[in-house]
Structures are given as C-alpha cells and as structure tokens.
Amino acid sequence: MAHHSQLLAILKASAKHETPSKGKQIHAHIIKSGLEQCSVLPNNLIHMYGKCGLLQNALSLFDKMLHRDVVSWASILATLTHADQSRHALAIFPNMITLDRIEPDNYIFATLFRACASLPEAAKHGKQVHARFLSSPFSDDEIVKSALVDMYSKCRLPDNARRVFDSIPHKNCVCWTAMVSGYARNGRNSDAMHLFKRMPVKDLFSWTALISGFVQNGDGVRGLKLFVEMRSERVEISDPFILSTAVGAASDLAVLELGRQLHCLVVVLGYESSIVVGNALVDMYAKCSVISAAKQVFDNVPQKDIFSWTTMIVGAAQHGQAEESLALFNSMLHAGFKPNDVTFIGLIYACSHAGLVDQGRQLFDSMIKDYKIVPSLQHYTCLLDLLSRSGLLIEAENLIQAMPFEPDEACWAALLSACNHHNNTRMGIRVADRLLLLNLRDPSVYILLSNMYAGAGMWDQVSKVRKIMAVMEVRKQPGYSWIDLGKESHTFYAGEVLHPMKDEILGLLEELGVEMKKRGYVPDTNFVMHDLEKHEKEAQLFLHSERLAVALGLLKAVPGMTIRVVKNLRVCGDCHTVLKLVCSIMGREIVVRDANRFHHFNDGKCSCGDFWSGSKALKRCKGKAITIKLLHLDRWCKCTKPPEESCRMYKPAICHIGCYP
DNA sequence: AAGATATTTA
C-alpha cells in the first residue's frame, strides 16, 4: 500500500469530490496498519467524512481517537456545524477544554461563531465565546472577525456586527458581504444600500445579500430594480440563489409577465433543473394565480425536496384544490419524504377550506402521533378554522379554551365569523364580548361585532362598536388592488380613479351595474364601515379597488385572457358578489388573490365556494402596515407597499433581464 | 502534513 503522503492525497481528493468510497478503503487500511497513532490521517478522515455528509462515520471515529488534537476538534466541530448540528457542536466544545485540555485556536473560534450564527437564539453563548476570543492570542484574526460579523448579523444584532466590522483593518469581500447582509436581513435597508455602494469589490454574493434583504423586507420592486442593475453591470450568475431571490420578488408582487421573463432567463442560463430555482418558480406561478403552470413546473423539478412538495401542497390549498393537496401529500409520502410543520399547515388549511372535517382532524392527530411535530399556534388556528367553518362550534370553542396558547384576536375572530355564518347568536355574543375586551388591530373585525350585536337587537352594543369603528376607520390601511398587464402594472386605491382611462373605467362599471341589477344584484352595504346614507355607502362600494382593477383589465388585457388582480386586504363580500356576476356577464375568467386566498371566478361561481366570509384566522398585524401571515408563510403577500413604481420598472426590465443592452 | 468566514426557496 501507498505511503503516508499518498494516502493523504487520496483522502483530500475524496473530500474534495465528495466521493467517500476510496476514503473508506483507506480508513480500513489505516486501522490495519496501525497508522492511527498519529493524528494527521484520522483528522483528514474526519474532514473527508464531514465533506461527504457522513456525520456518523466522523463522530464514531472522533470518539474512538486516543490522541485528539486541536485539528481533530476543528474538524469535528465544522462537520457538526455543516450537518446542521450546531447545538451538538456547542454542547461538546467545553469537553475540548476540560477533558482534552486543549485551548481553542483561530480555526476553532471561526467554527464556533458559525455555529452560533445558525442558532439565532445563541447570541448569549456567542458573546461569551467572543470574550474568550478577545483575550486569546488570535484576537486579530480577520477570518474569525468575519465570522463574528456574520454571527451578530444573524443573531439580529447588526450594530454589534458593525463594531466588529469596523475593527477589521483589511476588509475583504467576505466580511463586506456579511455586513451588508446583516443590515439587509434586519430591515436596515438604507444602511445596507449605503454600505453596498461603498464596497470596493462587489461579487455575486454581495448582490444576492442585498437584493434578498429588500425582497424579504417587502420591497420587491427595489429588489428587482437592483437585479436589473446587476445584470447591466454584467455580474456573472454562477449560482442559482440570485435567481430564486428575483423569482421570489415576482411572486410577492404577483407580476406574472416579469416572472415569465425570469423563467426564460433561468432556462437561458441553464438553471432549469436547479431545485432552488425550480421551487421558487413553482411558488411564483402559484402566487401569480396560474396554478396549472405551477403544477407543470413542479412535475419537471427533477430532484424534488421537502420544499418542492410543501410549496405545491400549499399552492393547491390556496387555490381551493383540496383534493389535489391531499393527493400530492400521498405522492410525497410514497416518494419517501417526511412532512414537516409547514406541510401540515397547508394540508389542514386545504381541508378547512373544502369542509373536509374528518380528514383535517385526522391529519392534525397524525402530525402529533406519527410525525412527533408539536403543533404551533398556527396549527391550532387552522384546526379551529376547520371546526368552526364546518359548524362544529362547541368543539371549536372547547379547543380555543384547551389549546396551550393564548388565543389571539385572529382566533376569536375566526370563531365569531363562524357563529355569524351558522347563526349561533348566543355563542356569537359570548365571543363578541370577549373580543370587545381586546384592543383589536384589525378594523374589519368590528364589522363582524357590529353585525352580531345588531342581529341580536343589542343596539347599545351596536352603537358602542360603531363609535370605536369611527376612530378605527382613520387607522385602517387603505384598500388597494393592482393588476399586471405585462408591460405595465397599475395600482388602484379605494375611492379614487387616478388613471388616464378614468372615464372608460367608470363607464364600464356603470354599464355592468345596469346589467347586474337586471340579474337581481342589490348592493350589500353591511360592508361599509362609515356611518353614511345608503346611497353614499353604495357609492363607496362602487369604487372599491378590486372593481377598478378588474375594469381596467377588461378594457386593456388581451381579449379572452384571464384577468388577474391582487388585493392587499380581503375581497369584500359585496365585491365578491359583483365579481361573480361580472365574470358571467363578460364571459371572462377573473382570478383575485386577496389577503386570505385565491378566488377563481368563472361562469358565475367562485372557487372558494362562497365561504369567503370565513375566518380571518390567518391575518396578523406587523408594525404599521397589515401584512398577511397566511399559513405561517411569511413571504405571502409581503408587499406592504403597492408596486406602484412598476409601470416604469417593466420596460427596462424587459431589455435587461434576458440580455445585455 | 491537517482544520475556519459571506448569498438561498415552502
């Protein structure tokens, strides 16, 4: 057999190419010939196993080693960290000092900080190790400082990161990117931008860090503009993450044409079979309301992972295709995947919106028993929604009392809405009284309250609620809707028509109104919050943003094409009725993505089965603007700002995304 | 002789 140095060379090659078979043979040889006395070969073996993803082999070798040195420790800690076992790494680190009597060196520090970075709650631990690092002989090491910048960035302490960053005399691209990413991921957009501009050398990583920060913070337009700028600076796209980020921005904004262009770019650049990009495309088509295209892309993702399956399951669920969600779930199990917490949220949501009570309950139980997943508040909210929508109100009320979370506004509102729907006034009043004690954040919940009290003839309570509503109205986020017409996109706010085609839009709506009345439409003014005369309320409904956007679509979109509109809030009940009539009068399919789900209007019917008024269970408030936390999927409709600038954004995008100018 | 730092989707 070969010499020591040749063995080393083979181990290095095995590690580099992640092909462990040769390396394993050498392991056997090392044991047979007693070469494990010296730590060099075993250390390389640990490294090789780590690189090849064979954590157990690495651990058992490490445990058996008689003479571990600092390199053995660095190798095993790095292996654990890369295998997503950072907790384990931090847990065994003290043994290095107490049992093996070895002091950490710069490699150890860098790895430990990386481990803390992947555990955002480990900031305290990280700070202790930081103190130790400062008093060590390695306190000037710049790689360790880079790792520290990254750790503080990921532990939501960007200012701590900045202090370390400023202490690095010769900054390389890695630490610049870590710092830009630190600002970007913590919502410090202008700091991120400012620092990015000062970067002496920018590479693809830095662009990705910056752009993904903007997208994650709800500014998809800004993110896409930067992507276009990056393209025009001819930065080579040598990995898929930037593409998945850009596609993700198109999903948030529901800009289908831009999404399609990005899809073309993906194909041109040869990332069609990348899972990261494939999953983003599936999500994009689902969120742009073309669920059939999502399924098509999904079917063509070659090596599906848990994200692919869950994205598709959730997408189908949001489009009201419960059977499809459940069928996908079966295929997923068949393919050998283990569902996770998000998968079950999608599944229970699907059951809830399709009235599949028993299925949904079984899934909830199976999640706990068979998959050992501890249900979160979102899971309980979905289950609660399932029971209450199906009229199992007592069971729902018991659940809200028994669940191990404090029920929030959204939970009570879900139950109240169901009491309303199923005409259970007694429980409704009980729930309404409960809600009235809370300082409600979602103004539209008060409409439910008011209607509930009015139904019971409790006029004192009605006037009390109305008074609160008058104050709330001021704070209410304006409703707006937008429509993507390919080369331009337009945003409408409720109550105003700022558009060059104003007259045509209003004219069309008038005309449609006449035809709707012939078909028996009577405006339902319960959905107007203001205390106004009846005709004034009707005038408000007439200018709801989703109608204006649909009208523009009918006027300008290619004849026969589906009209796709996105609304920041939920579609109001009256608009829901109107859109059912409009789709049938015009013979056009209309799809509206609202804050809660997708509504496919076709042939006078809606895919939601008219249970639109169901729960607001999945709505949460965050900061000033209402963002929607549907299905615990934070990225859902993160547009806290409407994409109003996108009219100008598109044209350059079309030239620059696919090819250079 | 060997080990370390930045971008990512539901």
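Nucleic acid contact for A:Cys38: base, since at least one base atom lies under 4.0 Å from a heavy atom of the residue. Across all strands shown, A:Val70 has heavy atoms under 4.0 Å from base atoms, whether or not it also approaches the sugar-phosphate. Residue-level contact check: A:Thr311 touches the backbone only, with heavy atoms under 4.0 Å from sugar-phosphate atoms and none from bases. Contacts of A:Asn43 with the nucleic acid, taken as non-hydrogen atoms under 4.0 Å apart, include base atoms.
Sorted by first and then second residue, the salt bridge (Lys or Arg N to Asp or Glu O under 4.0 Å) pairs involving residues 260-271 of chain A (not counting sequence neighbours) are A:Glu257-A:Arg260.
Here A:His82 reaches the OP1 or OP2 of B:dT5: one of its side-chain N or O atoms lies under 4.0 Å away. A close approach under 4.0 Å does occur between a side-chain nitrogen or oxygen of A:Ser212 and OP1 or OP2 of B:dT8. Contact between the side-chain N/O atoms of A:Lys12 and the OP1/OP2 oxygens of B:dA2 is found at a separation under 4.0 Å. Here A:Gln318 does not reach the OP1 or OP2 of B:dA10: none of its side-chain N or O atoms lies under 4.0 Å away.
Closest contact between the side chain of A:Ser181 and the listed nucleotides B:dT7, B:dA2, B:dA4 involves B:dT7. Taking every side-chain heavy atom of A:Asp239 into account, B:dT7 is the closest of B:dA6, B:dT7, B:dG3. Checked against B:dG3, B:dA6, B:dA1, the side chain of A:Ile108 finds its nearest nucleotide in B:dG3. Listed nucleotides: B:dA4, B:dA2, B:dA6. Nearest to the side chain of A:Asp69: B:dA2. In this structure, of B:dA6, B:dA10, B:dA4, it is B:dA6 that holds the atom nearest to the side chain of A:Cys173. Taking only side-chain atoms of A:Arg114, from C-beta outward, the nucleotide of B:dT8, B:dA4, B:dT5 with the closest atom is B:dT5. In the set B:dA10, B:dG3, B:dA4, B:dA4 carries the atom at the smallest distance from any side-chain atom of A:Val144.
B:dA10 has no stacking from A:Phe307 on its base ring, since the centres under 5.5 angstrom apart and planes within 30 degrees of parallel are not both found. Residue side chain A:Phe241 fails the stacking definition with respect to B:dT8, as its ring centre and the base's six-membered ring centre are not both under 5.5 angstrom apart and under 30 degrees in plane angle.
Across the protein-nucleic acid pair, A:Ile168 atom CD1 and B:dA6 atom P stand 13 Å apart, rounded to whole Å. Taking atom NZ on A:Lys145 and atom P on B:dA6, their separation rounds to 17 Å, with Å as the unit. In this structure, NZ of A:Lys51 is placed 8 Å from P of B:dG3, rounded to the nearest angstrom. Per the geometry, CD belonging to A:Gln6 stands 17 Å off P belonging to B:dA1, to the nearest Å. Separating the OH atom of A:Tyr107 from the P atom of B:dT5 is a distance of 11 Å, rounded to the nearest angstrom. The distance from atom CE of A:Met312 to atom P of B:dT9 is 20 Å, rounded to the nearest whole Å. Spacing between atom CE of A:Met179 and atom P of B:dT5 amounts to 19 Å, rounded to whole angstrom units. Whole-Å rounding puts the A:Leu41 CG to B:dA1 C1' distance at 9 Å.
Taking a cutoff of 4.0 Å between a charged side-chain nitrogen and a carboxylate oxygen, A:Arg231 and A:Glu236 do not qualify as a salt bridge. A salt bridge does not link A:Asp141 to A:Lys145: none of the charged nitrogens lies less than 4.0 Å from a carboxylate oxygen. Under the 4.0 Å criterion applied to side-chain N and carboxylate O atoms, A:Arg163 and A:Asp159 are not assigned as salt-bridge partners.
At a cut-off of 3.5 angstrom, counting only N and O atoms as typed in the model, there is a donor on one side and an acceptor on the other between the side-chain of A:Asp105 and the base of B:dG3. Not a single donor-acceptor pair, N or O on each side, falls under 3.5 Å between the base of B:dT9 and the side chain of A:Ser244. Looking at A:Asp203, its side chain has no donor and acceptor atom pair within 3.5 Å of the base of B:dT7.
Atom SG of residue A:Cys382 and atom CG of residue A:Leu363 lie 11.5 Å apart, to the nearest 0.5 angstrom.
Near DNA chain B, meaning a heavy atom under 4.0 Å away, the residues from residues 149-159 of chain A are A:Asp150, A:Lys154.
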Show me the donor-acceptor pairs, under 3.5 Å and distance only, between side chains in residues 200-210 of chain A and residues at least two apart or in other chains.
| residue | atom | partner | partner atom | Å |
| --- | --- | --- | --- | --- |
| A:Asp203 | OD1 | A:Phe205 | N | 3.1 |
| A:Asp203 | OD1 | A:Ser206 | N | 3.1 |
| A:Asp203 | OD1 | A:Ser206 | OG | 2.8 |
| A:Ser206 | OG | A:Asp203 | N | 2.9 |
| A:Ser206 | OG | A:Asp203 | O | 3.0 |
| A:Thr208 | OG1 | A:Leu204 | O | 2.7 |

Side-chain polar contacts of residues 42-54 of chain A - donor-acceptor pairs under 3.5 angstrom, sequence neighbours left out - could you list them?
| residue | atom | partner | partner atom | Å |
| --- | --- | --- | --- | --- |
| A:Asn43 | OD1 | A:Ser72 | OG | 2.8 |
| A:Asn43 | ND2 | A:Ser39 | O | 3.3 |
| A:Asn43 | ND2 | A:Asp69 | OD1 | 3.1 |
| A:Asn44 | ND2 | A:Val40 | O | 3.1 |
| A:Tyr49 | OH | A:His27 | ND1 | 2.6 |

Check: residues 189-197 of chain A side-chain donor-acceptor pairs under 3.5 Å, at least two apart:
| residue | atom | partner | partner atom | Å |
| --- | --- | --- | --- | --- |
| A:Asn189 | OD1 | A:Asn217 | ND2 | 3.2 |
| A:Asp191 | OD2 | A:Arg188 | NE | 2.8 |
| A:Asp191 | OD2 | A:Arg188 | NH2 | 3.3 |

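Taking A:Asp370 as the reference, A:Ser366 meet the side-chain hydrogen bond (donor to acceptor under 3.5 Å, both in side chains) condition, with sequence neighbours excluded.
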